[in-house]
2 protein chains.
Amino acid sequence: MTTAADHHSKIKLLDAAVRIIRLKGYAATTLDDICQEAGVTKGSFFHHFKSKDELAVAAARHFSNCAEQYFALAPFHQNPDPVQRLLGYVDLRAKMLAGEVNEYTCLLGTLVQEAYATKPDIRAACDLGLSQHIDILTRDVEAAKQRYAPNAPWSAESVGCFIQSVLQGSFIFAKARHDPAIARNNLAHLRSYIEQLFRPAVQTG
Amino acid sequence: MTTAADHHSKIKLLDAAVRIIRLKGYAATTLDDICQEAGVTKGSFFHHFKSKDELAVAAARHFSNCAEQYFALAPFHQNPDPVQRLLGYVDLRAKMLAGEVNEYTCLLGTLVQEAYATKPDIRAACDLGLSQHIDILTRDVEAAKQRYAPNAPWSAESVGCFIQSVLQGSFIFAKARHDPAIARNNLAHLRSYIEQLFRPAVQTG
DNA sequence: GGTTTGAAACCGACTAGTAGGTATGGAGCT
DNA sequence: AGCTCCATACCTACTAGTCGGTTTCAAACC
């Protein structure tokens with residue numbers, strides 16, 4: 001959640017967790033790793049969190065909140081055309097594919113793979129974060145659909161999910177290859193698919 | 001690898017590893033889990049594998065080989081039209097989205113998320129398996145491109161990667177929701193994108 | 001055919017180290 | 001005094017890996 005009331009050390013722990021879990025995975029990340037990265041001790045850790053799993057849930061929320069804030073402030077939101085906003089989102093995601101793999105991948109996608117069958121709380125937190133992000137995308141898809149493709153057979157939500165799925169799949173290949181090249185290609189295909197879904201928009205605007 | 005010479009117990013261990021790692025993730029899977037599932041003892045395990053990591057590499061190859069064999073025998077390969085073969089592949093993947101989540105997801109995508117930064121051998125094995133699968137898809141994409149879209153700006157390989165990425169992303173959402181519904185939607189979008197890439201094929205065939 | 005033999009397969013108790021979690025206490029603030 | 005925050009030492013369950021020993025089985029020999 002990371003409200004304003006949250007303590008400095010707690011936020012440092014959450015940031016550390018997000019970084020290391022994305023790098024090593026959840027089970028392979030030890031509390032010592034996280035404490036060291038955060039520069040605090042285990043005493044501090046267990047003061048703020050009851051368990052490792054509780055940290056994971058909090059980290060998922062923290063990551064989700066940070067991401068929402070980041071995208072909410074991005075300039076593409078200013079564009080009056082919803083299709084251009086969607087394309088702007090895809091282009092921003094492509095621009096983010098720089099630096100180390102663990103810096104641009106999604107904590108939620110990583111976490112949920114390890115947690116879905118064994119840690120209901122963590123799975124739910126990941127699901128919530130992913131769904132919230134999809135909801136925001138879906139709003140623009142809905143607006144674009146009403147304007148440019150009102151009778152299309154697909155739902156706005158299904159397009160929002162598709163966009164997120166392509167991103168998540170891209171991250172897997174970035175990890176497998178240690179290279180974001182495939183991810184970039186995927187976003188190019190995704191971009192052209194979105195353009196095609198709202199073809200009148202592309203021709204006129 | 002699982003050659004014909006491989007012993008019964010070894011194959012049982014590999015099958016067990018594939019099943020449990022897909023369910024719990026690699027780090028959370030213990031050797032005792034695997035041995036119990038396989039119905040063998042630790043002594044037998046370490047007779048066949050030097051370490052847990054070596055098992056993971058072998059399991060990645062085993063999974064990859066089984067998958068290749070499965071798809072190689074699928075009836076959609078008989079279709080003379082390469083576009084129909086691609087659509088047949090997508091339809092088969094959609095049909096496979098039944099039963100428990102860990103039964104239809106991909107071991108390689110799961111494994112590589114935990115291993116990419118810390119276990120070079122496992123990452124390489126996952127990369128190889130994924131790349132081989134993409135190569136087979138790419139052959140049909142290449143044939144389809146030459147026939148229906150010879151001047152298209154995208155490469156056949158990038159389409160093969162895109163197809164796989166959509167699948168991998170779909171698996172993540174199937175895990176997050178404990179439900180393959182999103183995955184099905186994604187494959188519907190993917191299908192219509194492929195149709196659009198080779199539009200003349202769809203109109204004439 | 002029966003026996004020997006040797007290697008491959010297998011068993012399971014044991015170990016050393018690790019990682020999540022606890023107990024306790026102290027510094028600083030209200 | 002009491003609360004928050006944090007540090008240190010410690011505990012214990014667990015897990016990858018070990019190791020001496022047993023079983024299996026087939027080829028080689030008598």
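Below, chains carry the letters A, B, ... as their sequence lines are ordered, and counting in each starts from 1. Everything quoted here is computed from the prediction, not taken from an experiment.
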Q: Should the pair A:His189 and B:Trp154 be assigned to parallel (<30°), tilted (30 to 60°) or perpendicular (>60°) ring geometry?
A: tilted
Q: Is NZ or CZ of B:Lys10 both nearer than 6.0 Å to the six-membered ring centre of B:Phe49 and within 45° of the ring axis?
A: yes
Q: Does C:dC10 have its OP1 or OP2 closer than 4.0 Å to a side-chain nitrogen or oxygen of B:His47?
A: no
Q: What residues from residues 30-40 of chain A pass a heavy-atom cutoff of under 4.0 Å to DNA chain D?
A: none
Q: B:Leu13 has an atom CG; how far is it from atom C1' of C:dC10, in whole Å?
A: 11 Å
Q: A:Ile11 CD1 to D:dC6 C1': how many Å, rounded?
A: 17 Å
Q: Rounded to whole Å, please give me the gap between NZ in B:Lys10 and P in C:dC10.
A: 11 Å
Q: Is there a donor N/O on one and an acceptor N/O on the other, under 3.5 Å, for the side chain of A:Lys52 and the base of C:dG21?
A: no
Q: Does D:dC5 have its OP1 or OP2 closer than 4.0 Å to a side-chain nitrogen or oxygen of A:Ser9?
A: no
Q: Can B:Arg199 and B:Glu195 be counted as an ion pair, charged N to O under 4.0 angstrom?
A: no
Q: Between B:Glu37 and B:Arg19, is the salt bridge (charged side-chain N to carboxylate O under 4.0 Å, His left out) condition met? List the steps.
A: CA-CA 9 Å; B:Glu37 173 90 1; B:Arg19 245 173 297 152; 2.4 Å; yes
Q: For the pair B:Phe171 and B:Tyr104, name the ring-plane relationship: parallel under 30°, tilted 30 to 60°, perpendicular over 60°.
A: tilted
Q: For B:Asp53 and D:dA16, give me the distance from atom CG to atom P, rounded to whole Å.
A: 10 Å
Q: Grab the NZ-P distance between A:Lys42 and C:dG20 for me, whole Å please.
A: 7 Å
Q: Grab the CZ-P distance between A:Phe46 and C:dT22 for me, whole Å please.
A: 6 Å
Q: Give me the ring orientation class for A:Phe71 and A:Tyr89: parallel if the planes are under 30° apart, tilted from 30 to 60°, perpendicular past 60°.
A: tilted
Q: Between C:dC10 and B:His48, is there an OP1 or OP2 to side-chain N/O distance shorter than 4.0 Å?
A: yes
Q: Figure out the NE2/P separation between B:His8 and C:dC11, and round it to whole Å.
A: 11 Å
Q: Between C1' on D:dA16 and NZ on B:Lys119, what's the gap in Å once rounded to a whole number?
A: 10 Å
Q: Tell me if a side-chain donor or acceptor on B:Tyr148 pairs with a main-chain N or O of B:Pro82 at a distance below 3.5 Å.
A: no
